[in-house]
A.B. asks: 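Attaching a single structure in structure tokens format; questions to follow.
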Amino acid sequence: MGQKVILSGMRPTGKLQLGNLLGALDNWVKLQHEYKCFFSVVDWHALTTAYDDPSGLKENVYEMVIDWLSAGLDPEKNVIFRQSDVLEHAELHLLFSMFTPLSWLERCPTYKDQIEQLREKNLATYGFLGYPLLQAADILVYRADAVPVGEDQAPHIEMTREVARRFNFLYNKQVFPEPATILNQVKLLPGIDGRKMSKSYGNVIEMSEPPEEVRRKVSQMITDPGRIRKNDPGNPDVCTVFAFHGVFSAGGKDTVAEVCRRGEIGCVQCKKQLSDSLVEYLDPIYRRRLQLAANRDYVREILRKGAKRAKEEAARTMEQVRAVMGLSL
Ligand code: TRP
Ligand code: SF4
């Protein structure tokens with residue numbers, strides 16, 4: 001038996017945030033040592049919601065690959081590619097659409113949710129409804145054994161297993177494995193104002209932020225509002241700075257909580273300590289990004305090679321699929 005196969009993807013919608021780094025990318029970086037990994041920049045998926053304005057799409061694909069490499073994904077070890085370069089995804093999606101009941105897609109919890117959330121968009125489209133099925137094709141075209149995703153995506157992987165089962169049953173051949181879900185560990189990071197981190201709130205820290213920006217944003221973070229003077233006892237549980245200490249100052253976290261409760265540290269100094277930890281964590285990423293951003297040709301070459309390797313594997317699957325669906329001559 002060869003190595004187990006993993007596939008995952010992200011929609012290119014702009015520079016990744018700290019939450020993406022901790023929630024997903026850091027996880028991928030670990031998995032790359034244990035599995036044969038396919039990592040896809042899913043640009044077709046981005047178009048399911050941004051079909052009316054593709055002007056930034058190409059740029060966002062570059063930014064995404066640069067973020068991935070900066071975080072430590074190894075382009076030799078992994079297959080890093082753009083979805084739209086491997087047409088087999090579209091072919092498999094089409095063939096799956098022949099036997100996938102509409103109700104599976106209509107019932108998908110993310111479907112109604114997203115339509116609600118993006119109410120300003122017309123998402124009553126064929127492509128948007130079919131999004132999870134395209135995702136199933138992304139995964140199954142590599143016969144992946146497992147898919148690392150966030151909890152919100154779990155229903156899509158469940159549907160992927162259903163699609164695999166239905167295919168294998170209908171055509172009486174075990175072409176597809178039923179991929180397992182590897183849940184990303186969530187480390188909840190609020191935005192700098194304490195609300196959910198979100199571009200629309202303008203409270204985001206990007207993973208590739210320059211050190212001075214990191215420090216500036218930390219200095220703007222909301223602390224315990226009940227604390228007036230520097231030696232008042234503070235409450236770390238309601239403090240944004242402390243939420244970050246919890247993630248980035250692993251060992252020092254309990255000490256921070258104690259000295260804060262006893263009023264022995266001022267918020268300015270506490271923020272300084274957080275800035276130091278955060279900058280130390282992000283600095284190597286930032287440096288790699290500077291180099292990569294100046295070298296577009298290198299990034300393009302990674303995508304070219306990645307597409308070639310992805311296509312080889314996808315083509316093997318499609319041969320079997322075409323054969324059992326009466327499409328070979
Ligand atoms: N739907 C995923 C998201 O929005 C992105 C995605 C597309 C994906 N295809 C995938 C994730 C395949 C895992 C595997 O986050
Ligand atoms: Fe928050 Fe630190 Fe100030 Fe306590 S000392 S309120 S943890 S910034």
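Each ligand, and each atom within it, is numbered from 1 in the order the structure gives. One-based numbering along the sequence shown.
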A.B. asks: Could you tell me, atom by atom, which parts of ligand 1 come under 4.0 Å of a heavy atom of Val147?
C.D. replies: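 So the answer, numbered in order with elements, is 13 (C), 14 (C).
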A.B. asks: Check step by step if side chain to side chain contact (heavy atoms under 4.5 Å, CB included) holds for Arg166 and Thr100.
C.D. replies: CA-CA 8 Å; Arg166 190 160 166 81; Thr100 301; over 6 Å; no
A.B. asks: Short list, please: which atoms of ligand 1 are under 4.0 Å from a heavy atom of Ile139?
C.D. replies: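 Matching atoms, with element in brackets: 12 (C), 14 (C).
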A.B. asks: Which ligand 1 atoms are under 4.0 Å away from a heavy-atom of Tyr131?
C.D. replies: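 Going through ligand 1 atom by atom, the ones under 4.0 Å from Tyr131 are 1 (N), 2 (C), 3 (C), 4 (O).
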A.B. asks: Between His156, Gln83, Arg11, Gln135, which one has a non-hydrogen atom sitting closest to atom 6 (C) of ligand 1?
C.D. replies: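 Ranked by closest heavy atom to atom 6 (C) of ligand 1, first place is Gln135.
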A.B. asks: Go through ligand 1 atom by atom and flag the ones less than 4.0 Å from a non-hydrogen atom of Asp138.
C.D. replies: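 Contacts of ligand 1 toward Asp138, numbered from 1: 7 (C), 9 (N), 10 (C).
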A.B. asks: Tell me whether the count of non-hydrogen atoms from other residues, nucleotides or ligands lying under 6.0 Å of CG in Asn172 goes above 12.
C.D. replies: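 Counting neighbours around CG of Asn172, 12 or fewer heavy atoms of other residues, nucleotides or ligands fall under 6.0 Å, so no.
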A.B. asks: CD of Glu313 to CZ of Arg309: how many Å apart, nearest 0.5 Å?
C.D. replies: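 If I round to the nearest 0.5 Å, the distance is 11.0 Å.
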A.B. asks: For ligand 1, is any non-hydrogen atom under 4.0 Å from Asp152's backbone (N, CA, C, O), its side chain (CB onward), both, or neither?
C.D. replies: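 It is neither part, as no heavy atom is under 4.0 Å.
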A.B. asks: Under 3.5 Å, is there a donor on one side chain and an acceptor on the other for His93 and Tyr131?
C.D. replies: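 No, Tyr131 and His93 have no side-chain donor paired with an acceptor closer than 3.5 Å.
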A.B. asks: Quick check on the 6.0 Å ring-centre criterion: do Phe96 and Phe176 meet it?
C.D. replies: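 Yes; Phe176 has its ring centre under 6.0 Å from that of Phe96.
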A.B. asks: Kindly say whether the aromatic ring centers of His156 and Tyr111 come within a distance under 6.0 Å.
C.D. replies: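 Here the rings of Tyr111 and His156 have centres that are no less than 6.0 Å from each other.
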A.B. asks: If you count the atoms of ligand 1 from 1 in the order shown, which ones are under 4.0 Å from a heavy atom of Val42?
C.D. replies: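 Per the distance check, 7 (C), 9 (N).
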A.B. asks: Do Leu189 and Gln17 have side chains that get closer than 4.5 Å, going by heavy atoms?
C.D. replies: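 They are not in contact (no side-chain heavy atoms under 4.5 Å apart), so the answer is no.
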A.B. asks: Quick test of your reading of the structure: of Gln153, Gln114, His45, whose heavy atom lies closest to atom 2 (C) of ligand 1?
C.D. replies: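 It is Gln153 that holds the nearest heavy atom.
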A.B. asks: State the count of protein N/O/S atoms located less than 2.8 Å away from atom 4 (Fe) of ligand 2.
C.D. replies: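 For atom 4 (Fe) of ligand 2, the figure is 1.
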A.B. asks: Heavy atoms only, cut-off 4.0 Å: how does Leu134 contact ligand 1, side chain, backbone, both, or neither?
C.D. replies: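 None of Leu134 does.
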A.B. asks: Find out whether the Lys NZ or Arg CZ of Lys58 is both under 6.0 angstrom from the six-membered ring centre of Tyr62 and within 45° of the ring's axis.
C.D. replies: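 No.
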A.B. asks: Which ligand 1 atoms does Leu7 reach within 4.0 Å, using its non-hydrogen atoms?
C.D. replies: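 Once the distances to Leu7 are compared, the set is 12 (C), 14 (C).
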A.B. asks: Between Arg11 and Thr48, is any side-chain donor less than 3.5 angstrom from a side-chain acceptor?
C.D. replies: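 Per modelled atom types, Arg11 and Thr48 side chains form no pair under 3.5 Å.
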A.B. asks: Kindly give the heavy-atom pair with the smallest separation between Phe99 and Val163, and that separation in Å.
C.D. replies: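 Nearest pair, atom of Phe99 first, then Val163: CE1-O, 4.0 Å.
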A.B. asks: Assess, by modelled atom type and distance only, whether the side chains of Asp224 and Asn235 contain a donor and an acceptor separated by less than 3.5 Å.
C.D. replies: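 The answer is no; no qualifying pair exists.
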A.B. asks: Which atoms of ligand 1 are found less than 4.0 Å from any heavy atom of Ser8?
C.D. replies: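 Per the distance check, 13 (C), 14 (C).
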A.B. asks: What protein heavy atom sits nearest atom 5 (C) of ligand 1, and how far away is it?
C.D. replies: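 Among all protein heavy atoms, the one nearest atom 5 (C) of ligand 1 is Gly9 O, 3.8 Å.
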A.B. asks: Examine Leu303 and Phe38 and state if one hydrophobic cluster contains both, with Ile, Leu, Val, Met, Phe, Trp and Tyr joined whenever side-chain heavy atoms are less than 4.5 Å apart.
C.D. replies: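 No, no single cluster joins them.
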